[in-house]
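Shown next, in structure tokens, is the structure this report addresses.
The chains referred to below are lettered A, B, ... by the order of the sequence lines, with proteins before strands, and numbering in each begins at 1. Keep in mind the model is a prediction, meaning the values are calculated, not measured. Side-chain atoms are counted along with the backbone in the values below, which use heavy atoms only and exclude waters and symmetry mates.
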Number of protein chains: 2
Amino acid sequence: MVVSVLSLHQLTCFLATYEHGSLTAAAEELGYSQPSVSEQIRTLEKSLGVQLFRRVGRGVVPTTVADTLRPHAEQVLAAVDEAQQSVQEVKNFEKGTIRFGMFGIARLYGGSRLIADVLTRYPGVRVELIGQNSTEVFEDLRRGRLEAAMLAVSTVESEGMTVTPVAREELVYISADPDRTASPVTAHRLSTASLVMAETTYRAVDSTRITLRQMLHETGRNPPSRIEVEDIETAVELVGMGFADSVVPKGAAQQLLPRLAPNASWASLRPRVYDTFAVVHRSGAILSPAARLMIELATKRIQAIAEPL
Amino acid sequence: MVVSVLSLHQLTCFLATYEHGSLTAAAEELGYSQPSVSEQIRTLEKSLGVQLFRRVGRGVVPTTVADTLRPHAEQVLAAVDEAQQSVQEVKNFEKGTIRFGMFGIARLYGGSRLIADVLTRYPGVRVELIGQNSTEVFEDLRRGRLEAAMLAVSTVESEGMTVTPVAREELVYISADPDRTASPVTAHRLSTASLVMAETTYRAVDSTRITLRQMLHETGRNPPSRIEVEDIETAVELVGMGFADSVVPKGAAQQLLPRLAPNASWASLRPRVYDTFAVVHRSGAILSPAARLMIELATKRIQAIAEPL
DNA sequence: CACAACCATAGGCGATGCCTTTGGTTCCTG
DNA sequence: CAGGAACCAAAGGCATCGCCTATGGTTGTG
């Protein structure tokens, strides 16, 4: 890219001079002294290699080159104005994009209402709720592509990340067999169950599985998943068909069981086990107003469903 | 007009940084040191009141505000480029307007061929040949609206103007009566003639009349115009009809008599009297290339018809 | 765990921009 | 026609800006 030799200040002085036909008047309008404007014009003429004004005793008269330059100079300054204005509009949430990360099943925790919250307050903005899966969201945070996110985490310890828990959500056992949900499910019973688990692509980092692994650690076994699927709705449907049981967040169970597995029921684990919903961002980051807005709204929505911390 | 707080340099650094995702790489591209670019970005962020990049250990990542700013920044720099380019095009006679002053009857002295000369050499330019009348041209020169002109002058003395004669043109007596053009016309005969004179609106400053006044000064009489008209063609036609005689530049007589007054003929004055064609511009002016071009071409055309000096 | 990549900070230096003062020119007016 | 008013140019001084080098801190990688 060619580094331009002319400056916005020169163009401003040029336009003011053109319109007034006088360096003195231009200087007065711009709040500068007459020699300053004179110098700017001279510098501009020198760098362009052309004469822009004829000095004619009283006042100055634009040359035809100045006639040519004027509309271009106006366009430059107008573009600058637009640039500044558009940034301010983004700053004021009148326009622009607000990008925020959410855990994968945000749809079951008021994700659409969260977006509605934002759009109601700020009708002009675009909203991007990133949350295909927790791993990618975490990676986006780490790489700086995302500023902040609301995630389901199994631990608040994370290298270089600040994790602020805002709510906890019980993990419950669901089954089509009423006997198995008649009483709280112990680690031992869980370790012998036949389970269908969702989020198979990210099973290594899925917070539900990690939490279950911690629970089963004392039994010396891993969670015994018999079926692996991608999304929680499919898992619940399979539970309803009786192929397996599952462990899901309680809010998801309450929403999905009536719709997808009406014959199934749920029970707590013993001891109770919780997923944690937390605001996550890079340590040391100064959060933008947009991020703070999303954190505030998302926290409210989450705490209306899960248990506030 | 609001004086902008941001600079083209900042926008250039911003774009380079945006494209590379790195201050170091941007600095390398722009030929600056890394801290310089870093400072520009920081200043820009501060003046806009927003964060444009998140610093993420290795490299920087644009925020959504930066996404918004980018197209505007590009437009600003593109407009600057266009401005510079258009000025250069005017400088190189590829575009723009060339404005030049000419005496009123330039049409009889190759005016259209002069314009053809310019357009042949520089097909892209606009040409404005200003010359409704000498007074206004002179006023335009004085006020700086015109840079230079080719005028018919009665004297080379003029306050604040540099007058450079390039050719002289004899003033001749024309008449439909062959007797009156059988021999050179003396001042005495001229003072008793019945004349039709053109350029009546500007009769006070018309160079032909001024020249005649000087010639008649010794006789103590003013030029005896019986009829006053605006344009020389009408005057010649009236001469052809026998209503009056006239005094016109020789080139005009040679061109107009056969066409408009075939029965009329011309004779020299005694002593011979001349109009002077001269290049006129403000004293002390540094002439632009465009003006020099017009002066060169107009001089050639005039000298091909009138007598070079 | 050490190295490489990258950004931030600090200090120094030259250039830029602005100001005031002054001089010269043009134009108007008494 | 002479004096004054309006205006631009030039010069000198001062503060700020922009850029550089050197250095330190942090992150990601072999």
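In this structure, Leu30(B) places its CG atom 14 Å from C1' of dG18(D), rounding to the nearest Å. Atom-to-atom, CD of Glu28(B) to P of dA5(C) comes out at 12 Å; the value is rounded to the nearest Å. Per the geometry, CE belonging to Met161(A) stands 11 Å off P belonging to dT27(D), to the nearest Å. Here the P atom of nucleotide dC19(D) and the CD1 atom of Ile41(B) are 12 Å apart, to the nearest Å. Separating the CG atom of Leu8(B) from the C1' atom of dG18(D) is a distance of 15 Å, rounded to the nearest angstrom.
OP1 or OP2 of dC7(D) has not a single side-chain nitrogen or oxygen of Arg55(A) nearer than 4.0 Å. Note on Ser22(B): a side-chain N or O is less than 4.0 Å away from OP1 or OP2 of dC7(C).
Along DNA chain C, the nucleotide nearest Thr24(B) and the nucleotide nearest Arg143(B) are compared for position; the residue whose nucleotide lies closer to the 5' end is Thr24(B). Toward the 5′ end of DNA chain C lies the nearest nucleotide of Leu23(B), the other residue of the pair Arg142(B) and Leu23(B) mapping further downstream.
Distance CD1/Ile98(A) to OG1/Thr64(B): 7.5 Å, rounded to 0.5 Å.
In this pair, Tyr32(A) and His9(A) present their aromatic rings tilted. The plane angle is within the 30 to 60° band.
Outside the 6.0 Å centre-distance limit, the rings of Phe100(B) and His281(B) are not counted as a close aromatic pair. Residues His72(B) and Phe14(B) keep their aromatic ring centres 6.0 Å or farther apart.
The pair Arg142(A)-Glu139(A) counts as a salt bridge, with a side-chain nitrogen and a carboxylate oxygen less than 4.0 angstrom apart.
Partner of Asp67(A) under the salt bridge (Lys or Arg N to Asp or Glu O under 4.0 Å) criterion, out of Arg99(B), Arg126(B), Arg145(B): Arg99(B) alone.
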Sequence-aligned protein contact record of nucleotides 10-24 of chain C, with B where the base is within under 4.0 Å of a protein heavy atom and S where only the sugar-phosphate is: -------SBBBB---
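Candidate nucleotides dC7(C), dA9(D), dT9(C) were compared by shortest atom distance to the side chain of Arg42(B), and dT9(C) ranks first.
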